[in-house]
2 protein chains.
Amino acid sequence: MSQCEAHGHVKRSEPSLTKNQQLVWDVLRHASAPMSAYAILDEVRADGLRAPQQVYRALDKLVDTSLVHKLESLNAFVACAQPCCAEHEMVCFAICEACGSVDEFADDQIEQQFAEWTKRSGFVRRQTAVEIKGLCKGCAAQA
Amino acid sequence: MSQCEAHGHVKRSEPSLTKNQQLVWDVLRHASAPMSAYAILDEVRADGLRAPQQVYRALDKLVDTSLVHKLESLNAFVACAQPCCAEHEMVCFAICEACGSVDEFADDQIEQQFAEWTKRSGFVRRQTAVEIKGLCKGCAAQA
DNA sequence: CAATCCGCGTTATAACATAACAGACCAATC
DNA sequence: GATTGGTCTGTTATGTTATAACGCGGATTG
């Protein structure tokens with residue numbers, strides 16, 4: 001059971017992806033690490049996609065609908081790992097510089113602190129990117 | 001009196017920049033918005049710099065010493081606006097999508113929430129990028 | 001039936017960033 | 001004072017990431 005279902009949320013529907021969007025989404029879902037648009041392109045070439053645009057257009061849509069996130073500090077994309085992420089205003093990423101793993105998480109406390117800053121400053125938030133780089137627990141233990 | 005001096009901190013020294021670093025730093029200090037490396041290059045061409053490498057090398061150093069920050073989501077650079085930033089583990093940016101202004105801030109509460117998450121997860125943080133996009137107070141008022 | 005919107009495919013190009021090589025300078029130390 | 005190691009420099013070339021612009025076709029809808 002997913003974390004979301006455990007919380008009593010409905011399962012997010014995954015509707016109406018076009019063929020190209022579905023191809024890109026499938027690649028990302030099965031990836032073990034963030035992928036660049038061009039790495040994705042290499043994977044979907046077998047399916048007939050040939051140009052960066054085709055991948056970028058699919059990615060744009062997938063990012064819009066929050067199925068996929070862009071990691072700005074890597075210029076790479078990951079499938080959303082957090083079924084509840086549509087219900088959070090922001091999502092954070094912990095990126096291991098040793099093994100490349102990415103941990104996506106949402107934290108209500110952090111969210112709330114940002115909300116308070118927003119309130120104080122008058123800034124109207126539309127989107128937030130939080131990317132923490134360092135060593136994941138496993139890699140830190142080895143070091 | 002700067003915020004730092006008010007807090008009783010010593011003024012950060014700005015030592016030993018090389019000629020190229022100084023040129024790039026001067027451009028960024030006087031910029032009213034984040035600049036791409038190539039935009040900086042255009043500015044320092046008059047001073048004899050010709051190749052991207054020269055700018056990127058200077059930027060690398062300036063970012064290392066925290067005189068300059070990279071905005072990952074814009075692929076652009078800003079002079080550090082926060083004299084105390086060396087004393088914070090993380091710095092946040094609020095980027096106005098209407099006017100392009102960037103507000104750099106540090107928030108102890110936010111920092112602490114991240115510290116707690118770090119403790120729980122075992123992740124060893126080295127660097128954190130927080131980039132909030134939206135509308136600054138002024139632009140939000142107009143909209 | 002337009003008119004409009006959206007996605008598709010394509011070619012070309014823009015924008016961002018680094019590799020790799022060689023020379024100049026300076027400090028440390030043998 | 002020669003040698004070594006480190007850092008910065010300048011340069012050419014190349015790699016990587018992202019978008020512009022054109023035209024086509026299908027779906028929706030007024």
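Put simply, CG on Leu23(A) is 10 Å from P on dC8(C), counting in whole angstrom units. In this structure, Lys61(A) places its NZ atom 11 Å from C1' of dC5(C), rounding to the nearest Å. Residue Leu59(A) contributes atom CG, which lies 12 Å from atom P of dC8(C) at whole-angstrom precision.
For the helix from dC1(C)-dG30(D) to dC30(C)-dG1(D), the axis fitted to the five pairs at one end and the axis fitted to the five pairs at the other end meet at an angle of 30° (nearest 10 degrees).
In this structure Tyr56(A) satisfies the ring pair (Phe, Tyr, Trp, His ring centres under 6.0 Å) test with no other residue, sequence neighbours excluded. The side chain to side chain donor-acceptor pair (under 3.5 Å) search around Thr128(A) returns none, not counting sequence neighbours. Every residue meeting the ring pair (Phe, Tyr, Trp, His ring centres under 6.0 Å) condition with Phe93(B), not counting sequence neighbours, appears here in chain and number order: His69(B). Residues satisfying the side chain to side chain donor-acceptor pair (under 3.5 Å) test with Asp26(A), not counting sequence neighbours, are Gln22(A), Arg29(A). Scanning for side chain to side chain donor-acceptor pair (under 3.5 Å) contacts around Glu111(A) gives His88(A), with sequence neighbours left out.
Closest of all the heavy-atom pairs between Cys96(B) and Cys136(B) is SG-N, 3.4 Å.
OP1 and OP2 of dT7(D) both lie 4.0 Å or more from every side-chain N or O belonging to Thr18(B).
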With B for base contact, S for sugar-phosphate-only contact and - for none (protein heavy atoms under 4.0 Å), nucleotides 9-16 of chain C reads BBB----B
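Leu135(B) forms part of a hydrophobic cluster together with Val124(A), judged by ILVMFWY side-chain heavy-atom separations under 4.5 Å.
For residues 30-49 of chain B, every residue pair satisfying the salt bridge (Lys or Arg N to Asp or Glu O under 4.0 Å) rule, not counting sequence neighbours, is listed here: Asp42(B)-Arg45(B).
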